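Some notes on the structure that comes next.
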Amino acid sequence: MADAGTAISIDRVVKRYGSFTALHGITLEVGADEFFTLLGPSGCGKTTLLRAIAGFDDVTEGEIRLYGQNIANLPPHKRPVNTVFQHYALFPHMTVTENIMFGALRLGWSRSDAEARAREVLSLVRLDSFADRKPGQLSGGQQQRVALARALAPRPKVLLLDEPLSALDLKLRQAVRAELKSLQRETGIAFVFVTHDQEEALTMSDRIAVMSAGRVQQVGTPREIYEAPTNRFVADFIGETNLIEVEVKRVSDGRAEVVLPGGHITQCAAASQSHAGTGHISLRPERLTLCPAEAGDLGARVESLIYLGTDIQVWARLPDNERLILRVQNAGSIALPAVGQEIGIKIEADAARLLVD
Amino acid sequence: MAAAAPGGASTSSRIYRGNVLRLIGPSWVIIGIFLLIPVILTVVYSFLTKEFRGGVQWTPTLAAYDQFFFDRGLFGDEPPRIEWTYLGIFWRSVWQAASATLLCLVIGFPTAWFIATRDPRQRATWLFMITIPYWVNLLIRTVSMKFLIRDEGPLNSLLMWTGITDAPLGLINTNFAVQLGLFYSYLPFMVLPIYAAVERYDFSLSEAAADLYSGMWTTLRLVILPTVRPGIIAGCILVFIPSLGAFLAPDLLGGAKTFMIGSLIEEQFKGAAGNWPFGSAVATILMTIIMAVLLVYARAQGKESK
Amino acid sequence: MALKIDLRRFPGFFPIALLCLVVLYAPLVVVSVYSFNASASITRWEGFSLAWYVDVFTGPESPKFRQAAINSLIIAVLAAAGATLIAIAAAVAMFRTGRFKGRTLSFALINLPLMVPEIVTAVASLIFFSSIGLGGGLTTILLAHITFCIPFAYLPIAARMQGLSDSYEQAAMDLYATPWQAFRLVLLPLLLPGVMSGYLLAFIISLDDFLITNFVKGAGIETLPTAIFGAVKQGIRPNIMAISTLMLVVSVIFVTLSWWAGRSGKSKA
């Protein structure tokens, strides 16, 4: 099933440490020119999966294919993939150039070829003038770019990135995101990027695999993941959301009819096919609007107002005592409710989504 | 981080896992052949018959232990009585080693505390100064101590010249001289673990104690000492064990009156009255005592860490 | 009024620390000073002189001490080298191969020389060598020294390796280095301060040993400590003090080097 468009295909990969299972049968495909992100909280198995692709951890079961070839049993130095490590792991006793030439020389390139390639990738990451420095003499951002250059130098078929931005400060991180994305387009190879930062994942990725507890919860484009989460974990992990318990009346053709707290009946998209009894819908705070108490889909009482600058957060309590958060844009002219006031809440069309529990 | 498996398997790297045997092998072979087997052989020797002028005959016997524990008279035909000579030597050795340990503790604790409360740069210098003498040849240190405290030595000359005493102190060839020698030999073993414990000590505990109306000495007794106790115990063990089997300090500073285990063993293998099985038996008993001390210590450690 | 309270300070601790230094250094200083005494008597100071140092190198006893010093150096150089090689391999096994069977036992075995009392090691070595018919000489001394030097070489190397993330070697292997290349090109250079420090410690420990050497050396062969011990038994003569002072200086230089090697490594990585 591997075609030219698939760089990596991960087939039912299981990883166990003694009695602990870190990966429960992961199946994924990464396209040949894709920026693919493994996103999840710490301990979800994303780093384990990346290390399995790189060859640092063996897998208990399953196959990892690189352009059709099963590499699951090859040691790391025989796999044509390179890694940008979380803390870079630049060899402290070598200069920047020596670091970058390291891989090419091990592959048997001539010194002059390796040097030429080192110059090339150094200019790619715009560090030409730092060739003879030692890693210890570089700033965090520069080290990050050297690590990137070192991993790209031997022309890997896939580049693996293990939270490479986590050691940078916020401002630098935002600048590097754009650079990474354009670097991926320039080199035209697949990037597999591991992060726990959803903003990073949403801004850079072509596709995202959201992982939790050793399983892939959902794979999709950033927009699909954000706007059409399939289950509670994804809805809750990506962005802010309100999970409201509802009574499901009917599900068919991806649509559902549910009873909201307070008795109002509404139509919404459904991630699952069959559903009976109670379920949860996800409501993004920015897709809810305030209205007079009697006109809303939901009725609530304002508990507190939190000023966030661009937005104002309204915390409200539903009749069944569940908390609901709304975001109101700070447009200056809006009339804010008072604390304790009864309000109505209108759900925008297609904003609600019935989730798989 | 995602590889955080229980038992911390992720922390132990496995890069060279295919080569374990080749890597660990040499240390097993060398230490196994040249230390473990010899030690076992020593225990075996203690159950063999002595050969005159050194060596053994391979006839099993308990004679060595019998000689150690029982007195059967000059010709071996009297009813056995407890033999106090060797037990006495062991008792003196334990007492000497314990005294030296106490001396190290009394001087070592304040020193370790003082060093650990300096700023980091001074700390390094102090530690360096305390450890340097340890790396000077033990024999030379012991000889130097002997030279210093002899009756005609510089210490007594100084004391008499300043009029503090009008006769030599008579330090040499006393129990105290041996204790001083042991103290001098092993002091860093006391200072370093206590230092490590004090360095980790959280001084807000002292502040909390002071806040709760505790005076400084009460804080020392009720808060500080219990907290740094593992370091103190480790220090005591590290001083006590080598002191118990020490040879140079008792031999050079003690003279005939302060005979200790080390000299007793040495005599069986070197002197004219050589008796290898008996020497091996004494060495075996010494090892047993030390293993017992270590075992009790390990047990206590295990309990504490639970 | 500022109330000065320092909970870290106990009255009397500073004088005790000072006393500690005095007790530790007084004997060494006194012997060093007296080694420059012009008098043949060791009790009276009769002016500064280098006579005893001249005596060490040219006096009637000088050939004996020179041979002993050469023996000591040969043994220390070789024993430290052997122990360091074994210790490097052992440390790699302990910290870079995962949890293998017998890891705990290996740890105990490596530290065994520190647990067995020196006098017991000494007689055990004598018994072992005599029972296999290996007569005392440089070989027996060297084998015994390598054995008890292993933990001393191991400790700084292991400490360094534990503090060194294995991500460097992983990066090397990710960049197509074989395990051996990852060791030679990346781990070993990074380990160097620990290796130096371990070698120097083993060297000093070997040079320091009297008791074990005395048991396994056999007749006719002397190292510096056994030669000095033999001489001291006949009374402390000034030439012994000169030799002691020289050895003291060598030890201090080596410890300083070792300390410095360990520190410079720490500040770099």
Side-chain angles (χ1 to χ4, degrees), chain B residues 12-17 20 23-24 26-28 30-31 34-39 41-42 45 107 110-111 113-115 117 128-129 132-133 135-141 143-145 147-148 152 154 184 187 203 206-207 210 216 220 241 245 247-248 262 265-266 269 279 283 286-287 290 294, chain C residues 7-8 10 13-14 16-17 20-21 24-28 30-31 43 86 89-90 92-93 96-100 106 109-110 112-113 116-121 123-128 131 143-144 146-147 150 166 169 179 182 204 208 210-211 225 228-229 232 236 244 247-248 251-252 255 259:
Chain B
S12 95
S13 151
R14 296 175 299 148
I15 291 182
Y16 307 103
R17 76 193 116 160
V20 181
L23 291 167
I24 200 72
S27 52
W28 278 73
I30 294 288
I31 297 177
F34 297 109
L35 186 59
L36 191 57
I37 291 178
V39 165
L41 202 59
T42 305
Y45 264 46
I107 303 283
T111 306
W113 179 275
F114 176 78
I115 296 173
T117 51
F128 188 55
M129 303 241 294
I132 269 205
W135 295 110
V136 173
N137 197 300
L138 178 61
L139 173 63
I140 289 177
R141 274 186 291 156
V143 170
S144 303
M145 184 58 92
F147 179 77
L148 180 68
E152 315 82 50
Y184 190 34
L187 179 67
F203 279 93
S206 288
E207 288 170 7
M216 65 191 319
L220 179 68
I241 285 181
F247 171 75
L248 281 176
I265 297 174
E266 198 255 5
F269 290 90
L286 172 63
M287 259 193 301
I290 284 173
L294 285 177
Chain C
L7 292 169
R8 294 158 189 258
F10 284 89
F13 279 20
F14 174 59
I16 292 177
C20 199
L21 280 191
L24 287 177
Y25 283 90
L28 301 176
V30 166
V31 163
T43 45
I86 292 167
V92 172
R96 291 291 195 271
T97 61
R99 318 188 138 209
F100 58 92
S106 302
L109 204 59
I110 290 167
L112 191 64
V116 178
E118 224 188 329
I119 182 76
V120 175
T121 307
V123 302
S125 305
L126 171 66
I127 287 174
F128 176 73
S131 74
L143 288 170
I146 290 176
T147 309
I150 288 174
D166 70 336
E169 293 140 272
I204 297 170
D208 182 67
F210 159 74
L211 202 50
I228 292 173
F229 185 79
V232 167
I236 305 173
S244 298
M247 281 187 80
L248 194 153
S251 301
V252 170
V255 177
W259 189 67

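Any value given below was found using the heavy atoms of this structure, including those in side chains, with hydrogens, waters and symmetry copies removed. In this text, all values refer to a predicted model and were calculated from it rather than measured experimentally. Throughout, protein chains are lettered first and strands after them, A, B, ... in sequence-line order, and every chain is numbered starting at 1.
- Interatomic distance, Ile119(C) CD1 to Leu248(B) CG, rounded to the nearest 0.5 Å: 9.5 Å.
- For chain C, the option among Ile37(B), Ile241(B), Leu286(B), Leu148(B) with the highest count of heavy-atom pairs below 4.5 Å is Leu148(B).
- When heavy atoms are compared at a cutoff of 4.5 Å, Phe10(C) approaches chain B by way of both its backbone and its side chain.
- Within the 4.5 angstrom heavy-atom criterion, atoms from both the backbone and the side chain of Ile107(B) approach chain C.
- When all heavy atoms are compared, the tightest approach of Ser125(C) to Pro38(B) is N-CB, 4.2 Å.
- Here Ile86(C) contributes atom CD1 and Leu23(B) contributes atom CG; the two are 12.5 Å apart, rounded to the nearest 0.5 Å.
- Between Phe14(C) and Pro110(B), every side-chain heavy-atom pair lies at or beyond the 4.5 Å cut-off.
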| task | Start with the C-alpha distance between Phe128(C) and Leu35(B), add both sets of side-chain angles, then the distance that settles side chain to side chain contact (heavy atoms under 4.5 Å, CB included), and finish with yes or no. | result | CA-CA 9 Å; Phe128(C) 176 73; Leu35(B) 186 59; over 6 Å; no

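- Of the two parts of Ala90(C), the backbone and the side chain both hold a non-hydrogen atom closer than 4.5 Å to a non-hydrogen atom of chain B.
- Of the listed residues (Leu139(B), Leu36(B), Thr117(B)), the greatest number of heavy-atom pairs within a distance under 4.5 Å of chain C belongs to Leu139(B).
- Residue with the most contacts toward chain B among Ala144(C), Pro179(C), Ser131(C): Pro179(C) (heavy-atom pairs, distance under 4.5 Å).
- With a threshold of 4.5 angstrom between heavy atoms, Leu24(C) approaches chain B through its backbone and through its side chain.
- Using modelled atom types, no side-chain atom of Tyr16(B) and backbone atom of Val92(C) make a donor-acceptor pair closer than 3.5 Å.
- Atom CG of Leu143(C) and atom CD1 of Ile30(B) lie 6.5 Å apart (nearest 0.5 Å).
- We find the CG-CD1 distance between Leu41(B) and Ile127(C) to be 6.5 Å, quoted to the nearest 0.5 Å.
- Rounding to the nearest 0.5 Å gives a distance of 9.5 Å between CD1 of Ile132(B) and OG of Ser251(C).
- Ring orientation note: the planes of Trp113(B) and Phe13(C) are nearly perpendicular, at an angle over 60° on the 30°/60° scale.
- The two atoms that bring Ala93(C) and Val20(B) nearest to each other are CB-O, 4.3 Å, heavy atoms only.
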| request: Before giving the answer on side chain to side chain contact (heavy atoms under 4.5 Å, CB included), spell out for Asn137(B) and Leu248(C) the whole-Å C-alpha distance, their side-chain angles and the decisive distance to 0.1 Å. | output: CA-CA 7 Å; Asn137(B) 197 300; Leu248(C) 194 153; over 6 Å; no

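- Summarising the geometry, atom CD1 belonging to Ile110(C) is positioned 4.5 Å from atom OG belonging to Ser27(B); distances are rounded to the nearest 0.5 Å.
- The contact between Leu109(C) and chain B is made by backbone and side chain atoms together, counting heavy-atom distances below 4.5 Å.
- A 4.5 Å side-chain heavy-atom check between Pro27(C) and Tyr184(B) finds at least one atom pair inside the cut-off.
- Using a 4.5 Å cut-off between heavy atoms, Phe34(B) touches chain C through backbone and side chain atoms alike.
- Side-chain contact between Pro117(C) and Met287(B): present, with at least one pair of heavy atoms (C-beta onward) separated by less than 4.5 Å.
- For the pair Tyr25(C) (side chain) and Met129(B) (backbone), a donor-acceptor distance under 3.5 Å is present.
- Closest approach of Ile204(C) and Trp135(B) over heavy atoms only: CG2-O, 3.5 Å.
- Only the side chain of Leu294(B) comes within contact range of chain C, with at least one heavy atom under 4.5 Å from a heavy atom of that chain.
- Ile290(B) touches chain C through its side chain: at least one heavy atom from C-beta onward sits under 4.5 Å away, while N, CA, C and O do not.
- When all heavy atoms of Thr147(C) and Ile31(B) are compared, the closest pair comes out as CG2-CA, 4.1 Å.
- By number of non-hydrogen pairs under 4.5 angstrom with chain C, the leading residue of Pro26(B), Pro133(B), Ala210(B) is Pro133(B).
- Ring-plane geometry between Phe229(C) and Phe247(B) is classed as tilted, the angle between the planes lying from 30 to 60 degrees on a 0 to 90 degree scale.
- A side-chain donor-acceptor contact under 3.5 Å links Asp208(C) to the backbone of Leu138(B).
- Residue Leu187(B) touches chain C through its side chain alone, counting heavy-atom pairs closer than 4.5 Å.
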